[in-house]
Number of protein chains: 2
Amino acid sequence: MARTNRELDRDQKREEILRAARELFLEHGYEGTSMQRLAARVKVAPNTLYWYFADKDALLIGVMKRVVQAGLGEYERRRGTALDAQVRWMLGLFWETRTLIATVHNRAQVSSEVRAWHDTAHRMIEKAIEAELRSRGLANGHEVAAARIMSFIAEGVVAHQSSKAEQTRIVRLLMHLLRLDVDDGALR
Amino acid sequence: MARTNRELDRDQKREEILRAARELFLEHGYEGTSMQRLAARVKVAPNTLYWYFADKDALLIGVMKRVVQAGLGEYERRRGTALDAQVRWMLGLFWETRTLIATVHNRAQVSSEVRAWHDTAHRMIEKAIEAELRSRGLANGHEVAAARIMSFIAEGVVAHQSSKAEQTRIVRLLMHLLRLDVDDGALR
DNA sequence: ACCTGAACACCGTTCAAGT
DNA sequence: ACCTGAACACCGTTCAAGT
């Protein structure tokens, strides 16, 4: 549908704010980034941010949407890569945004908007994992639970700052359990 | 060693504060409990709390220490219970304190004291799971990774508010994977 | 050693006023 | 519709002063 210049301007400004928020959230954390500071970065008065976003949580959701979208896009482009590379890439992605993941879990306790977004995002990510498992020949009727388990493990691994070595051990055991036989060398 | 009355008094007061903090944290959350409010509950001035605890994070650690201690104590008393009952009990315990678990993960990003306590507690809990796995005949050399995986899944299950039905599905699949054969009825 | 009243330096958010 | 300066109602924490 046709959008007016007004709407385009507004979208551009929103994007500019989200870009700055993403940077600051990743560098100083959500709680370490005051609306004051964000406003200064975008060169507006603090209260102007509220013209574009309902509250700070809406800003968090906006940032996370972009992060997850970018991740799923990159995943599409990597279709068909070797399993071990794929797992390592996913863990790396979670790792980069681990502080934001912890923040989302924390805010989801308080904000129903954050919780709603979190649940939807989880569903999308798990669907992708399920499809991946099926295409790899693990269609044994447990894909849904398996995908959820894998997402929990991925979150656990990054939340607990497991070392590379430990990540390898955990992933290898999981692969073994899922009978996705992978040669030890590939994951080391 | 002998403790003076002074020290006993001090310990009692500390316990009283921790008891109140535990109640308030569980009811209104960590961020939803101001030092002001806690002080009012204990009937002291807000700044008095700082005579007993370095900061709010120290209060969180104090509360969590009691929670984990109580949990491990209860676990000792339940030694030898059926596996499915044990798993369900553990998930229930995590469930009751899920908001505090999310808070610890969030604060661990910022406070090195919280992070240090968190790591120690995880180690203790995982040691218990490892011992349990061994006593159940899963000493295949992967107990350490398996215990860590189980703790991640437990955290994931409660953090994501999985339904009872889903918990059952996940636990059953995990048990199956670990070849800890358990009859389907027991977990339903 | 223990406790307090008052203040400090923030915080997210709102409001009345401008264009 | 968009933006602002100023204020509001908090927050965790500190400080000087009391006993």
Side-chain angles (χ1 to χ4, degrees), chain A residues 2-18 20-21 24-25 27-63 100 103-104 106-114, chain B residues 2-18 20-21 24-25 27-63 100 103-104 106-114:
Chain A
R3 326 200 72 212
T4 63
N5 279 338
R6 263 249 140 72
E7 282 168 335
L8 284 174
D9 278 3
R10 189 173 167 78
D11 280 5
Q12 262 177 11
K13 196 74 180 244
R14 266 185 65 102
E15 279 304 307
E16 198 188 328
I17 295 172
L18 284 176
L24 291 175
F25 287 176
E27 192 176 347
H28 304 106
Y30 179 72
E31 278 152 30
T33 303
S34 67
M35 297 298 270
Q36 181 72 247
R37 193 175 196 166
L38 173 57
R41 176 71 72 103
V42 191
K43 291 189 172 60
V44 291
N47 48 4
T48 298
L49 299 174
Y50 290 87
W51 183 257
Y52 295 92
F53 296 92
D55 51 28
K56 206 183 174 185
D57 285 319
L59 227 20
L60 176 64
I61 294 171
V63 167
L100 291 185
T103 299
V104 166
N106 193 50
R107 294 304 307 167
Q109 296 182 92
V110 164
S111 154
S112 58
E113 285 85 3
V114 172
Chain B
R3 327 200 71 212
T4 65
N5 280 339
R6 263 248 140 75
E7 283 168 335
L8 285 174
D9 279 3
R10 189 175 168 77
D11 281 4
Q12 263 177 11
K13 196 72 180 249
R14 266 185 64 102
E15 280 304 306
E16 197 188 328
I17 294 172
L18 285 176
L24 291 175
F25 287 175
E27 193 177 345
H28 305 105
Y30 179 73
E31 277 151 29
T33 304
S34 68
M35 296 299 270
Q36 181 74 248
R37 193 175 196 166
L38 173 57
R41 177 71 71 102
V42 191
K43 292 191 171 61
V44 291
N47 48 2
T48 298
L49 298 173
Y50 291 86
W51 182 258
Y52 294 93
F53 296 91
D55 52 27
K56 205 183 174 185
D57 285 319
L59 228 21
L60 176 65
I61 294 171
V63 166
L100 291 186
T103 299
V104 166
N106 193 49
R107 294 303 307 167
Q109 295 182 93
V110 164
S111 155
S112 57
E113 285 84 3
V114 173

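Throughout, protein chains are lettered first and strands after them, A, B, ... in sequence-line order, and every chain is numbered starting at 1.
- Residues that satisfy the side chain to side chain donor-acceptor pair (under 3.5 Å) test with A/Gln36, not counting sequence neighbours, are absent from this structure.
- Contacts of B/Ser34 with the nucleic acid, taken as non-hydrogen atoms under 4.0 Å apart, involve only primed sugar atoms and P, OP1 or OP2.
- Here the shortest heavy-atom pairing between A/Ala108 and A/Val114 reads N-CG1, 3.7 Å.
- Looking at heavy-atom distances under 4.0 Å, B/Tyr52 makes contact with sugar-phosphate atoms alone, never a base.
- The listed nucleotides are C/dT4, D/dC2, C/dC11; the one nearest the side chain of B/Val44 is C/dT4.
- A/Lys13 has a side-chain polar atom (N or O) that falls below the 4.0 Å cut-off from OP1 or OP2 of D/dC3.
- The side chain of B/Trp51 places an N or O atom within less than 4.0 Å of a non-bridging phosphate oxygen (OP1 or OP2) of C/dC2.
- Residues B/Glu113 and B/Asp55 form no side-chain contact, since every pair of their non-hydrogen atoms from C-beta on lies 4.5 Å or further apart.
- Listed by first and then second residue, the salt bridge (Lys or Arg N to Asp or Glu O under 4.0 Å) pairs that reach into residues 31-53 of chain B are A/Arg107-B/Glu31, B/Glu23-B/Arg41, sequence neighbours excluded.
- The CG-P distance, from A/Asp57 to C/dC11, rounds to 17 Å in whole Å.
- Scanning for side chain to side chain donor-acceptor pair (under 3.5 Å) contacts around B/Glu16 gives an empty result, with sequence neighbours left out.
- For D/dC2, one of the phosphate oxygens OP1 or OP2 lies less than 4.0 angstrom from a side-chain nitrogen or oxygen of A/Arg10.
- For the pair B/Thr33 (side chain) and B/Leu24 (backbone), a donor-acceptor distance under 3.5 Å is present.
- Each of C/dT13, C/dC2, D/dT13 was ranked by its minimum atom distance to the side chain of B/Lys56; first place goes to D/dT13.
- Rounding to whole angstrom units, CD of residue B/Glu16 and C1' of C/dC3 are separated by 14 Å.
- For B/Glu15, the salt bridge (charged side-chain N to carboxylate O under 4.0 Å, His left out) criterion is met by B/Arg66, not counting sequence neighbours.
- Taking 4.5 Å as the limit, some side-chain heavy atom of A/Phe53 sits within range of a side-chain heavy atom of A/Leu18.
- Here the side chains of A/Thr48 and A/Val42 are not in contact, with every heavy-atom distance at 4.5 Å or above.
- Taking a pair as Watson-Crick or G-U with both hydrogen-bonding distances under 3.5 Å, the stems of three or more pairs touching DNA chain C are C:4-8 with D:12-16, C:12-16 with D:4-8.
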N/O-N/O pairs, protein side and nucleotides 14-16 of chain C side, under 3.5 Å:
from   : atom 1 : to      : atom 2 : distance (Å)
C/dC15 : N4     : A/Asn47 : ND2    : 3.2

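- Of the candidates D/dG12, C/dG12, C/dC2, the closest approach to any side-chain atom of A/Met35 belongs to C/dG12.
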